[in-house]
Amino acid sequence: MQNFDSIAELLNQDRRGYTLPQGLYTSEEAFRFDTEVMLKKVWLYACTVAHVKKPGDYFVFDLANNSVIITRGRDGEIRAFYNTCTHRGAKLCEAQKGSMARVMCPYHFWTFGLDGKLIVARGMPEGFDKAQHGLREVALENVGGLIFICLADNPPPIDRAKADISEAIALYDLSKLKVAAQDDLYDQANWKLVMENNRECYHCESNHPELLNSLNGAGFGRGNPEEGLSEDTDAVAKETAHWKELGIYRDLIEFPDNWWHRVARLGLAHGAVSQTLDGKPASKKLIWPIDHAEPTSISVWTHPNSWHHFMCDHVVSFSVVPVGPDKTLVRTTWLVHEDAVEGEDYTVENLTAVWKATNQQDRKLAELNHAGIGTDGYRPGLYAVEENLVDAFKTFYVEQSKLALEPSA
């Protein structure tokens with residue numbers, strides 16, 4: 001592993017409750033460390049089961065120099081493989097998504113099954129064993145329909161996060177959903193700043209008018225979601241009792257025992273039942289087993305690169321991927337019921353309006369943040385009380401980075 005002594009020194013300068021030292025946000029070396037070391041040792045959110053809905057469907061997840069094919073086999077299993085041929089290393093899938101009967105190398109036409117096994121390799125010497133030359137597998141876990149991958153040879157445990165998240169989102173049954181829209185946005189800001197911006201709503205009132213039609217920030221650093229949308233404890237108790245009666249209530253899961261996930265049942269604001277401009281359902285076909293809409297959603301956050309909102313009619317899923325020290329891919333996916341018909345049950349414009357506007361607003365904020373941090377005037381700043389989830393993300397980053405730098409890591 002490359003010597004990252006300067007990164008270790010910056011990590012040791014970190015103070016709990018404060019933003020990171022400048023170099024960890026802005027330097028080329030920090031970007032290389034993040035993408036070549038730290039992020040390869042943790043579980044990364046890549047896509048959903050709806051992205052690879054049918055056998056042969058594939059989705060490519062890229063991180064710096066690494067490219068991973070996620071595909072569904074004929075047996076229904078979802079697997080991940082490095083996007084490189086085991087012959088002479090050519091890239092296998094150039095498109096970001098698609099469908100294929102087999103995986104065929106465009107260079108010399110080596111052909112692999114959807115399970116990664118080598119099927120065809122022309123003109124190889126006597127004794128060549130195809131069984132030894134299958135695609136190199138990448139660790140993958142299906143977490144209630146959310147697909148996570150890990151590039152480490154020995155991935156860390158995922159059982160607690162998998163159990164907690166899967167139980168909470170089971171009623172939305174992602175296997176019965178489809179991708180209605182996907183938007184890839186590039187922020188000219190460091191990926192950690194993009195994540196930090198997501199972990200608080202301290203900035204929301206002044207910046208997100210569309211989002212505030214359905215969200216008011218409760219549960220986003222302003223106390224536990226059990227406190228509800230009102231300071232009226234009777235109203236909160238009534239809301240919680242109603243969720244329990246419907247069978248949808250779950251206690252807050254807040255990065256338990258140093259794990260990397262948070263799950264919260266939240267109320268929606270102003271009587272909204274969906275994250276739309278008017279608060280009404282974006283799709284006529286509901287995705288949960290209750291036969292009517294309710295003003296509530298489940299939000300899931302995972303360190304280091306995702307957040308998700310599950311509503312009665314659709315799901316919005318986000319992933320963040322560093323592209324450069326000052327460039328980040330923010331990928332947003334909207335899922336609706338597989339039987340929903342575009343133009344009849346939903347329109348993409350209405351479905352995506354709130355988060356397309358919000359993502360553009362957040363992009364500007366992250367870019368301003370990055371620009372300011374790059375100046376000589378920057379010093380690590382103290383987080384506000386309601387930025388505690390930002391501090392939790394930053395602490396995860398620091399702790400995982402230190403672990404990654406240990407000789408045995």
Side-chain angles (χ1 to χ4, degrees), residues 45 47-51 53 143-147 165-183 208-220 225 228-229 239-240 242-250 263-301 306-319 331-359:
Y45 168 68
C47 64
T48 72
V49 293
H51 286 87
K53 195 166 180 63
V143 179
L146 304 176
I147 301 299
I165 295 172
S166 297
E167 181 184 11
I169 67 175
L171 74 161
Y172 299 97
D173 196 358
L174 269 65
S175 69
K176 299 292 181 62
L177 306 188
K178 68 178 180 180
V179 175
Q182 180 179 301
D183 185 51
H208 293 323
E210 295 85 0
L211 182 61
L212 291 181
N213 288 330
S214 55
L215 282 178
N216 69 358
F220 293 83
L229 299 175
E239 181 179 59
T240 302
H242 180 59
W243 291 343
K244 290 180 177 178
E245 184 180 352
L246 290 173
I248 62 174
Y249 180 76
R250 292 292 183 277
V263 183
R265 166 66 67 186
L266 304 174
L268 293 174
H270 314 302
V273 297
S274 189
Q275 290 175 358
T276 54
L277 293 175
D278 61 6
K280 297 178 182 178
S283 175
K284 294 177 183 178
K285 290 195 176 296
L286 302 186
I287 64 172
W288 65 354
I290 301 171
D291 62 1
H292 62 277
E294 287 280 341
T296 179
S297 67
I298 278 185
S299 288
V300 175
W301 298 261
S306 82
W307 62 96
H308 318 264
H309 301 300
F310 299 79
M311 289 150 284
C312 62
D313 65 318
H314 76 283
V315 175
V316 193
S317 180
F318 305 81
S319 65
R331 174 169 289 149
T332 309
T333 304
W334 291 263
L335 308 177
V336 298
H337 196 282
E338 61 186 0
D339 295 332
V341 178
E342 183 180 352
E344 295 182 14
D345 298 308
Y346 71 95
T347 66
V348 170
E349 182 181 15
N350 183 48
L351 178 72
T352 63
V354 167
W355 278 106
K356 279 195 171 183
T358 302
N359 286 346

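The analysis underlying the following values was restricted to heavy atoms, covering all of them including side chains, and did not include hydrogens, waters or symmetry mates.
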Quick one: are the ring centres of Y346 and H314 less than 6.0 Å apart?
->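 No, the ring of Y346 stays outside the 6.0 Å limit from the ring of H314, centre to centre.
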Pairing residues for [X] by the salt bridge (charged side-chain N to carboxylate O under 4.0 Å, His left out) criterion, not counting sequence neighbours:
| X | answer |
| --- | --- |
| K356 | none |
| E342 | none |
| D278 | none |

Provide the closest heavy-atom pair for [X] versus [Y] in the form atom of the first, atom of the second, distance.
| X | Y | result |
| --- | --- | --- |
| L335 | A50 | CD2-CB, 4.0 Å |
| S214 | S274 | CB-O, 3.6 Å |
| E344 | K284 | O-NZ, 3.3 Å |
| A168 | V263 | CB-CG1, 3.5 Å |
| T352 | A181 | CG2-CB, 3.8 Å |
| T276 | N213 | O-CB, 4.2 Å |

Greater than 12 external heavy atoms within 6.0 Å of K176's NZ =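 No, because the 6.0 Å sphere around NZ of K176 holds 12 heavy atoms or fewer from other groups.
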Which of these passes side chain to side chain contact (heavy atoms under 4.5 Å, CB included) with I147: T48, V49, L174?
->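 Only one option passes, and that is V49.
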Interatomic spacing from CH2 in W288 to CG in L246 - rounded to 0.5 Å =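 One finds 6.5 Å between CH2 of W288 and CG of L246.
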Supply the atom-to-atom distance E245 CD to T240 OG1, rounded to the nearest 0.5 angstrom.
->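 Spacing of CD (E245) from OG1 (T240) equals 12.5 Å.
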Test applied, side-chain hydrogen bond (donor to acceptor under 3.5 Å, both in side chains); reference residue, S317; option that passes from H51, H308, H309 =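 Going through H51, H308, H309 one by one, the side-chain hydrogen bond (donor to acceptor under 3.5 Å, both in side chains) with S317 is satisfied by H308 alone.
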